[in-house]
Amino acid sequence: MANPQKFLVTSALPYANGPLHLGHVAGAYLPADIFVRYLRQQGDDVIFICGSDEHGAAITIKAKKENSTPQAVVDEFHELNKQTFQKFGIEFDLYDRTSSEHHHKTAQDFFLNLYEKGVFEKEESAQFFDEEHQQFLADRYVMGTCPKCSHDKAYGDQCEKCGSSLSPSELINPISTLSGKPPVMKETYHWYLPMQKHEAWLRDWIENGKLEGVQQHDPKKWKPQVLGQCKSWVDGGLQPRAMTRDLDWGVKVPLEGADGKVLYVWLDAPIGYISATKKLGEQKGFDGEALWKENDRKLVHFIGKDNIVFHCIIFPILLKLHGGYNLPDNVPANEFLNLEGDKLSTSRNWAVWLHEYLEDFPGKEDELRYVLTSILPEYRDSEFTWKDYQARVNNELVAILGNFVNRALVLTHKYFEGKVPAAGAQNKEIVEAIGVAYSEVDAGIRSYNFRQALTEAMKVARLGNKFLADTEPWKLIKSDETKTGEILNISLQIAAHLGNIIQPFLPNTAKKLLGFLGLDANAICRNAFEVLKAGETIEKPSLLFQKIEDEVVEKQIEKLNASKAVQNTVNFKENTSFDNFQLMDMKLATIKAAEKVKKADKLLQLKLDVGGVEKTVVSGIAQHYSPDEVIGKTVLYLSNLEPRKIRGVVSEGMILMAENAEGALSFMVPEKDFESGGEVR
RNA sequence: GGCGAGGUAGCUCAGUUGGUUAGAGCGUCGGAUUCAUAACCCGGAGGUCACGAGUUCAAAUCUCGUCCUCGCUACCA
């Protein structure tokens with residue numbers, strides 16, 4: 001290639017507290033791998049970096065739960081994920097890890113550099129503290145009853161049952177997961193990054209691609225949802241972010257008197273990209289850090305949409321403050337991949353795990369790559385279903401791609417003893433179509449439109465099938481062997497280009513196909529149609545793809561449903577005393593009036609009649625009941641909760657609701673026609 | 001409620017700076033064919049481009065409003 005370009009490509013560091021699922025793959029790894037493979041094929045200079053993100057409270061908690069150590073947890077998943085990537089054919093230059101010494105050193109140096117520049121602000125705040133263990137509690141270390149769904153094992157940052165994100169102070173009856181005792185509030189301090197100071201240049205950089213007047217990237221090439229979300233954050237006003245945390249598992253804050261403090265993930269994880277590059281440089285004999293500073297090397301972060309703010313706002317601020325580093329050229333974040341109609345969820349075990357797929361479908365890595373590539377959530381959420389997987393494999397890989405290759409090779413063996421027959425005159429249309437395919441694939445991949453690029457690549461196989469159908473060599477052989485040979489020659493050349501063009505998407509298949517033809521992938525020039533010389537021997541082909549039978553996908557669907565059934569087990573709370581129960585004052589109440597609370601999606605303000613007494617209650621049921629359908633109902637009412645102001649309205653007690661597995665709510669109404677005010681015991 | 005992204009054929013999605021009868025793949029129906037894993041190839045049917053108004057000679061494409069989905073956010077005693 002005349003002008004090779006330089007790239008530094010990263011994929012989001014997977015968190016080492018669990019295995020990889022299809023959502024991860026479709027979000028950040030497969031697109032990056034296709035991108036990198038293609039650019040390398042074109043002769044570009046590409047470094048591809050990834051690794052395990054191994055710090056944070058979730059890992060220490062998992063360790064505690066399993067009676068293990070954080071190091072053991074991350075060792076397990078680092079190893080598993082690293083091997084899974086390898087088996088699946090995601091080829092990083094280095095799959096590093098943030099628990100490594102060199103990363104700690106790099107991250108500390110980075111922090112110190114910024115600290116010495118005075119970019120952080122030290123701030124005090126109150127946080128939960130475990131007196132028995134003499135330790136501040138990260139969000140995940142606090143457990144309590146979820147204020148939203150009453151799940152009694154919600155974490156301080158998130159309730160895993162209802163999925164709502166929380167802050168520790170919201171939890172009812174918080175307890176420390178270390179000691180099992182209620183924590184106390186205690187003052188602590190942290191270093192904050194005052195992001196609001198950087199709004200001006202950040203806006204110019206994101207919206208116009210300009211940094212200090214110099215064009216850095218083309219915002220038109222950024223995805224709408226990425227630009228939109230960034231603008232939304234900047235316009236909404238940036239807030240200071242804590243850059244440190246009270247925790248003993250992580251990169252220690254390299255300052256006097258900062259014992260028990262570690263760098264927060266915003267700093268730790270993205271710097272992992274840098275430390276991995278440095279490490280790679282040490283292994284390969286180049287200056288890894290310098291790659292981040294070459295002004296003609298483009299930095300591209302592949303991530304999921306949940307990571308946009310870190311990669312487009314926080315990390316760029318850090319890089320710029322540090323100085324010398326390139327800011328990303330693009331952050332082609334993907335949306336989410338759903339599974340069989342539901343969101344993927346590690347905690348609810350609703351996922352297809354990549355390592356399990358590789359076990360269940362040995363040798364079918366390319367099938368998954370193909371299906372995932374064709375449904376990548378590039379611009380909107382998309383959905384993986386096993387039925388769709390089966391249909392795409394059978395109708396496209398088997399019927400179009402595999403079939404064409406098989407036809408061309410079988411015919412060659414049948415009529416020409418497996419030797420490439422002599423070429424005739426060039427078929428201009430075919431040559432041109434191949435050229436178009438190359439340039440369309442190139443345009444697609446370089447603009448991060450991988451689905452489209454794959455479609456264009458598949459057109460080559462369709463072209464081959466059509467060419468065979470149009471020329472009918474199986475008929476022509478009876479009358480004109482020379483002409484038949486010329487047709488097969490063209491068909492084989494198409495197959496060769498097909499093998500070349502699908503290589504970034506389906507590397508194993510490409511290798512196999514080119515192997516049939518006795519070709520080396522690097523030997524194919526996109527501008528020269530004639531790849532195979534007359535007389536060369538072609539191997540007897542085996543099938544590139546097998547059909548996926550109904551039973552196979554049915555089994556996978558059953559497997560999923562089984563994991564869902566496990567999730568639906570009923571959780572019983574601990575026993576309580578009758579006295580405790582009697583403290584609750586529950587009554588029947590009739591809803592007399594209802595209206596939506598302004599500026600709140602979930603709230604209805606209800607006027608209740610409770611045996612002649614009027615009460616006002618604000619209830620979070622607006623997404624399940626409209627005001628109209630609620631009036632006149634006699635429902636179950638808990639009257640003696642402390643009154644509380646919600647959205648400016650004082651709520652006296654609460655309406656008790658039943659919830660089903662899908663999270664739908666239902667009133668509890670008396671089975672007989674009882675009047676309001678009736679006691680419930 | 002605020003912000004962001006979407007709402008195009010049964011399904012998955014394209015539709016560039018507004019410009020002839022709105023496209024592709026899958027599915028469906030019909031035809032042709034047998035080299036090929038009952039595969040391939042050709043053709044038909046199928047769309048009030050979420051809805052309403054506006055700008056324009058001309059709007060899926062621009063503007064405003066409404067509804068719906070997803071994400072972030074507030075709210076859930």
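Order of the sequence lines fixes the chain letters, A, B, ..., with proteins taken first and strands second; residue numbering starts at 1 for each chain. Keep in mind the model is a prediction, meaning the values are calculated, not measured. For the numbers below, each heavy atom of this structure counts, side chains included, while hydrogens, waters and symmetry mates do not.
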Rounded C1' spacing from B/rG4 to B/rU16 in Å:
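Going atom to atom, C1' in each nucleotide, I get 23 Å.
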Write down the distance separating the P atoms in B/rG46 and B/rG23, rounded off to the nearest Å.
14 Å
Main chain of A/E378, side chain of A/K223: is a donor-acceptor contact present, judged purely on distance under 3.5 Å?
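Side chain of A/K223 to backbone of A/E378, a donor-acceptor pair under 3.5 Å: yes, one is there.
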Output one letter per nucleotide in nucleotides 4-13 of chain B: B when a protein non-hydrogen atom lies under 4.0 Å from the base, S when only the sugar-phosphate is that close, - when neither is.
SSSS----SS
Pairs flagged by side-chain hydrogen bond (donor to acceptor under 3.5 Å, both in side chains) wherever residues 398-412 of chain A is involved - sequence neighbours left out
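As it turns out, the side-chain hydrogen bond (donor to acceptor under 3.5 Å, both in side chains) pairs with a partner in residues 398-412 of chain A, which skip direct neighbours, are A/R407-A/N465.
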Less than 4.0 angstrom between a side-chain N/O of A/R462 and OP1 or OP2 of B/rC26, yes or no?
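For B/rC26, OP1/OP2 do have a side-chain N/O of A/R462 under 4.0 Å.
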Start with the C-alpha gap between A/Y448 and A/N334, add the side-chain angles, then the distance that decides, and say whether side chain to side chain donor-acceptor pair (under 3.5 Å) holds.
CA-CA 10 Å; A/Y448 311 102; A/N334 272 347; over 6 Å; no
For A/Y389, give me all partners under ring-ring contact (aromatic ring centres under 6.0 Å, His included), at least two apart in sequence or on another chain.
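Counting only residues at least two positions away or on another chain, A/Y389 forms a ring-ring contact (aromatic ring centres under 6.0 Å, His included) with A/F361, A/W386.
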Tell me which residues in [range] lie within less than 4.0 Å of RNA chain B, going by non-hydrogen atoms.
range: residues 484-498 of chain A; value: none
range: residues 394-401 of chain A; value: A/N395, A/E396, A/V398, A/A399
range: residues 463-478 of chain A; value: A/N465, A/K466, A/A469, A/W474, A/K475

Polar side chain donor-acceptor pair, A/D628 to A/S626, under 3.5 angstrom:
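A/S626 and A/D628 do not have a side-chain donor-acceptor pair below 3.5 Å.
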